[in-house]
Amino acid sequence: MGETVRVLLTEEEVDKRIAEIAANINKDYEGEEIHLICVLKGGVFFTCELSKRLNVPVSMDFMSVSSYGAATKSSGVVKIIKDLDQELEGKNVLVVEDIIDSGRTLSYLLEYLRNQNPKSLRLCTLLDKPDRRVVKVHVDYTCFEIPDEFVVGYGLDYAQKYRNLPYIGVVELD
């Protein structure tokens with residue numbers, strides 16, 4: 001069984017929207033510093049592109065959290081694979097995620113981070129699938145709401161493939 005990838009959002013559409021979201025973040029954090037937490041692996045492309053467009057002081061850390069493995073649906077079991085290197089207490093924290101699906105992973109992660117007493121805690125996502133939500137998660141910045149299809153590109157993968165695509169595509173299994 002193979003797969004093909006159909007373009008959902010072009011590279012130009014993604015770039016334009018990231019610039020718009022960055023402008024909103026710059027306005028909201030004017031005069032403040034932001035500590036970005038990139039959720040690996042998928043969030044790295046989006047985090048890099050977003051951070052290049054921020055004009056407020058930025059620091060960055062990385063976490064790896066999983067509830068998927070090699071499957072296309074969330075297992076519901078959340079596991080921290082790589083924890084933070086820096087303390088969060090007193091910082092304006094912006095979690096940067098590639099996609100929010102069921103909400104289980106992000107709900108778990110946000111509660112984990114909230115317990116570290118940041119000054120503020122907000123969530124920014126490239127893609128949101130609200131139709132798949134089983135756990136309520138407040139998203140502060142959303143680039144795109146998308147339909148319930150399995151997407152790849154711009155950091156998102158299917159069994160570790162397609163992360164390097166410069167656009168968002170839909171995986172169609174043959």
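Given the structure is predicted, the values throughout are model-derived calculations rather than measurements.
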Practice problem: State whether Tyr158 and Arg163 meet the cation-pi test: NZ (Lys) or CZ (Arg) under 6.0 Å from the six-membered ring centroid, and within 45° of the perpendicular axis. | Solution: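 So Arg163 doesn't make the cation-pi contact.
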Self-check item: All salt bridge (charged side-chain N to carboxylate O under 4.0 Å, His left out) counterparts of Asp85, not counting sequence neighbours
Solution: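 Counting only residues at least two positions away or on another chain, Asp85 forms a salt bridge (charged side-chain N to carboxylate O under 4.0 Å, His left out) with Lys82.
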Quiz prompt | salt bridge (charged side-chain N to carboxylate O under 4.0 Å, His left out) involving Asp61 - partner list, sequence neighbours excluded | solution =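 Not a single residue meets the salt bridge (charged side-chain N to carboxylate O under 4.0 Å, His left out) criterion with Asp61.
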Quiz item: Under the side-chain contact (heavy atoms from CB on, under 4.5 Å) criterion, do Thr125 and Tyr141 qualify, and how do the steps go?
Solution: CA-CA 6 Å; Thr125 188; Tyr141 306 99; over 6 Å; no
Quiz item: Stepwise, does the side-chain contact (heavy atoms from CB on, under 4.5 Å) test hold for Asp128 with Ile146?
Solution: CA-CA 6 Å; Asp128 190 3; Ile146 61 168; over 6 Å; no
Rounded to the nearest 0.5 Å, what separates atom [atom1] in [X] from atom [atom2] in [Y]?
X	Y	atom1	atom2	result
Ser107	Ile100	OG	CD1	10.5 Å
Ser120	Asn92	OG	CG	3.5 Å
Ile21	Ile18	CD1	CD1	9.5 Å
Leu9	Lys16	CG	NZ	12.5 Å

For [X] and [Y], test the side chains for any donor-to-acceptor distance below 3.5 angstrom and give the result as yes or no.
X	Y	answer
Glu89	Asn117	no
Asn164	Tyr154	no
Asn55	Tyr29	no

Does [X] reach the main-chain N or O of [Y] with its side chain, forming a donor-acceptor pair under 3.5 Å?
X	Y	result
Glu13	Thr10	yes
Lys129	Glu149	yes
Lys91	Glu87	yes
Arg133	Gly103	no
Asp157	Tyr162	no

A side-chain contact here means heavy atoms from C-beta on lying under 4.5 Å apart; do [X] and [Y] qualify?
X	Y	result
Leu54	Leu36	yes
Tyr108	Val135	no
Glu30	Asn26	no
Met60	Ser51	yes
Thr142	Leu126	no
Met63	Asp83	yes
Ser64	Val39	no
Leu88	His35	yes

Heavy-atom closest pair, residues [X] and [Y]:
X	Y	value
Pro118	Leu113	CD-O, 3.4 Å
Leu110	Leu121	O-CD2, 3.6 Å
Glu145	Pro130	OE1-CG, 3.6 Å
Leu123	Asp140	N-OD2, 2.8 Å

Please table the atom pairs, donor to acceptor, closer than 3.5 Å between any side-chain atom in residues 43-50 and protein atoms at least two apart or in another chain.
unit_1: Thr47; atom_1: OG1; unit_2: Gly43; atom_2: O; d: 2.7
unit_1: Glu49; atom_1: OE1; unit_2: Lys52; atom_2: NZ; d: 3.4
unit_1: Glu49; atom_1: OE1; unit_2: Arg53; atom_2: NH1; d: 3.0
unit_1: Glu49; atom_1: OE2; unit_2: Lys52; atom_2: NZ; d: 3.1

Quiz item: Are Arg6 and Val171 close enough, and set up right, to give a side-chain contact (heavy atoms from CB on, under 4.5 Å), and what steps lead you there?
Solution: CA-CA 7 Å; Arg6 171 179 48 88; Val171 172; over 6 Å; no
Exercise. Determine, step by step, whether Val14 and Cys143 satisfy the side-chain contact (heavy atoms from CB on, under 4.5 Å) criterion, reporting the C-alpha distance in whole Å, the side-chain angles of both residues, the deciding distance to 0.1 Å, and the verdict.
Key: CA-CA 8 Å; Val14 174; Cys143 289; over 6 Å; no
Exercise. State whether the number of non-hydrogen atoms from other residues, nucleotides or ligands found under 6.0 Å of Glu32 atom CD is greater than 12.
Key: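 More than 12 within 6.0 Å, yes.
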Quiz item: Taking a hydrophobic cluster as the set of Ile, Leu, Val, Met, Phe, Trp and Tyr residues connected by side-chain heavy atoms closer than 4.5 Å, whether directly or through intermediates, do Leu84 and Ile81 fall within one such cluster?
Solution: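 Per the 4.5 Å side-chain linkage, Leu84 and Ile81 are not co-clustered.
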Self-check item: Verify same cluster id: Val134, Leu127 (apolar side-chain graph, 4.5 Å)
Solution: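 Not linked; separate clusters.
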Quiz item: Testing Leu106, Ile168, Val151, Thr105 for side-chain contact (heavy atoms from CB on, under 4.5 Å) with Ile99, which one passes?
Solution: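 Result for side-chain contact (heavy atoms from CB on, under 4.5 Å) with Ile99: Val151.
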